Amino acid sequence: MIHFFLLFFLSFSGVRSLGVNYGQVGDNLPSPDKVLELLTSLNISKVRIYDTNPQILTSFANSNTELIVTIENEMLTQLLDPQQALQWVVTHIKPYFPAVRITGIAVGNEIFTGNDTVLMANLVPAMMAIHEALGELGLGSYIHVSTPTSLAVLEESFPPSAGSFKGEVSSYISQFLQFLSRTKAPFWVNAYPYFAYKDNPDIISLDYALLNAMTYLVDPSTKLNYDNMLYAQVDAVIFGMARLGFDGIEVRVSETGWPSKGDVDEIGANSENAAIYNRNLLRRQLANEGTPLRPNTRLEVYLFALFNEDMKPGPTSERNYGLYQPDGTMAYNMGLSTSSASVSLSSSATKTTAMENRSLVYWIFVYLVISFQIILIRRPF
């Protein structure tokens, strides 16, 4: 009964704030048109790519997919020249827009957590040049400009009210926040509870990291309850921005996920945990949740990643964040379905607590009672 009603409700709901990262660091990935077919079957309409691959842009034309494209880090220095920035937009954006629904440009990736202070100093000027080039071509009101930032940019992240940026990058961050405030663009953060759990498994609850809502932590300053680490991380960023004098900037999660495989020392990297994390994320997205600090603002999240990418360097986990294998088979069952329901959560696949089951049954009962009462009112015996 629970399974039937859950499918019924999900059939009429869309995951309006959930997107996915489509990486291409592999030698065996499907063609972009096949990827679009998969995304369409899953009813996922928000995608982020790490370049401006013309094959992807061409394949995604005239689809319902919103796309965020990326300017690679090594390109930033060239874009300091306004003419070079204009030429970049003319070459990489204008020929495809609006047939391709490009909604954002990520200028670089995780620049503030690198060691290149010249790159940090060049970031905002490059962003300004791209933004002005978009405006010159009449695209400025359609495409925002930002950059994804690693959570490692924070000096403190818990409790969330203690959130603050590292002193050595605070001047660059302030300049960045000024740009976001002026252009009304979001702050993108790559947030991975997995990393925090892997480094501190004896301190951090696995349920808390997996968004399981079985562990609650209270911020002593705000008295807000946090039942998962991801929301705490996002709110820490919001408090960090406020400490620098910036309120009201939207925070979006540009990357989050959990690896389905890892090396011996990568504690918690397995398919069971990956499935639980992503199912819980999907469930929260279906509920259009906000964080405790901003409960009325739906948190936009881009899941990492669509495919396992066999050519990524680093530990085993880096090649095993995908929902799918390159051949289109699921890496594990997280509840996404390409059947008649656009997105479904299978009762057999979802690790649901007894409390959640009782809550669902309760609301189903309320729904049925109200519906029956309406029938009685309209058609009295």
Side-chain angles (χ1 to χ4, degrees), residues 21 48 50 68 70-80 85 104-131 144-196 198-200 219 221 229-256 291 293-294 299-302 304 314 318:
N21 287 273
R48 175 184 169 218
Y50 293 84
I68 294 174
T70 302
I71 299 175
E72 298 88 337
N73 289 6
E74 56 270 21
M75 286 289 299
L76 263 62
T77 303
Q78 301 177 36
L79 300 178
L80 296 177
I105 297 175
V107 181
N109 186 53
E110 296 192 346
I111 287 175
F112 294 124
T113 48
N115 298 317
D116 192 337
T117 55
V118 174
L119 198 60
M120 293 183 199
N122 289 341
L123 176 61
V124 172
M127 293 173 66
M128 292 174 62
I130 290 294
H131 177 70
H144 74 258
V145 178
S146 188
T147 189
T149 301
S150 166
L151 199 72
V153 78
L154 293 180
E155 184 70 45
E156 298 289 342
S157 61
F158 195 85
S161 60
S164 59
F165 292 100
K166 291 180 177 178
E168 59 267 30
V169 297
S170 60
S171 61
Y172 302 116
I173 293 289
S174 291
Q175 187 183 17
F176 172 52
L177 294 176
Q178 287 175 359
F179 173 83
L180 297 183
S181 180
R182 181 172 62 84
T183 62
K184 310 301 181 186
F187 186 108
W188 287 103
V189 60
N190 296 340
Y192 288 89
Y194 162 71
F195 292 136
K198 177 181 71 71
D199 294 338
N200 301 280
D219 189 308
S221 296
M229 180 176 286
L230 179 64
Y231 288 3
Q233 291 175 334
V234 171
D235 279 357
V237 172
I238 297 173
F239 275 107
M241 293 191 297
R243 275 191 164 75
L244 294 179
F246 294 91
D247 290 310
I249 296 174
E250 181 184 0
V251 176
R252 299 178 184 174
V253 178
S254 40
E255 289 182 14
T256 193
T291 67
L293 187 58
R294 292 180 176 175
L299 180 64
E300 184 163 317
V301 176
Y302 279 67
F304 187 87
E318 286 296 313

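As the structure is a computational prediction, the values presented were derived from the model and not from experiment. Throughout, numbering of the chain's residues begins at 1 and tracks the sequence.
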Next on the checklist: Run F304 and Y192 through side-chain contact (heavy atoms from CB on, under 4.5 Å) and show every step you take.
Outcome noted: CA-CA 10 Å; F304 187 87; Y192 288 89; 3.3 Å; yes
Checklist entry - Going by the side chain to side chain donor-acceptor pair (under 3.5 Å) test, which pairs reach into residues 105-131, not counting sequence neighbours? => result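 Qualifying pairs, neighbours excluded: R48-N109, E110-N190.
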Are any of the side-chain heavy atoms of [X] and [Y] separated by less than 4.5 Å?
{"X": "Y302", "Y": "W188", "value": "yes"}
{"X": "N21", "Y": "Y50", "value": "yes"}
{"X": "Y172", "Y": "I111", "value": "no"}

Roughly how far, to the nearest 0.5 Å, is the [atom2] atom of [Y] from the [atom1] atom of [X]?
{"X": "I249", "Y": "L244", "atom1": "CD1", "atom2": "CG", "answer": "9.5 Å"}
{"X": "L119", "Y": "F112", "atom1": "CG", "atom2": "CZ", "answer": "9.5 Å"}
{"X": "L79", "Y": "M127", "atom1": "CG", "atom2": "CE", "answer": "11.5 Å"}
{"X": "F187", "Y": "I238", "atom1": "CZ", "atom2": "CD1", "answer": "10.5 Å"}

Item to check | Any donor-acceptor pair under 3.5 Å from T256 side chain to A191 backbone | outcome: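 Confirmed, T256 side chain pairs with A191 backbone.
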Checklist entry - So, the side chain of S146 versus the backbone of A185: is there a donor-acceptor pair under 3.5 Å, distance only? => result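 Answer holds: no.
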Identify the heavy atoms of [X] and [Y] that sit nearest to each other, and give their distance.
{"X": "V107", "Y": "L123", "result": "O-CD1, 3.4 Å"}
{"X": "L80", "Y": "A126", "result": "CD2-N, 3.8 Å"}
{"X": "V169", "Y": "M120", "result": "CG1-SD, 4.0 Å"}

Side-chain donor/acceptor pairs under 3.5 Å, residues 174-183, sequence neighbours excluded:
| unit_1 | atom_1 | unit_2 | atom_2 | d |
| --- | --- | --- | --- | --- |
| S174 | OG | S170 | O | 3.0 |
| T183 | OG1 | F179 | O | 2.9 |

Please output the side-chain donor-acceptor pairs of residues 148-165 that fall under 3.5 Å, not counting sequence neighbours, one pair per line with the distance.
| unit_1 | atom_1 | unit_2 | atom_2 | d |
| --- | --- | --- | --- | --- |
| S150 | OG | A152 | N | 3.0 |
| S161 | OG | D219 | OD1 | 2.7 |
| S161 | OG | D219 | OD2 | 3.0 |

Checklist entry - Sequence neighbours excluded, which residues qualify as side-chain hydrogen bond (donor to acceptor under 3.5 Å, both in side chains) partners of Y194? => result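 Y194 satisfies side-chain hydrogen bond (donor to acceptor under 3.5 Å, both in side chains) with no other residue.
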Checklist entry - With sequence neighbours left out, which residue pairs that include part of residues 231-253 fulfil the salt bridge (charged side-chain N to carboxylate O under 4.0 Å, His left out) condition? => result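 Passing the test, one end in residues 231-253: E250-R252, R252-E300.
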Item to check | side chain to side chain contact (heavy atoms under 4.5 Å, CB included) partners of E168, counting only residues at least two apart | outcome: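 E168: side chain to side chain contact (heavy atoms under 4.5 Å, CB included) contacts with K166.
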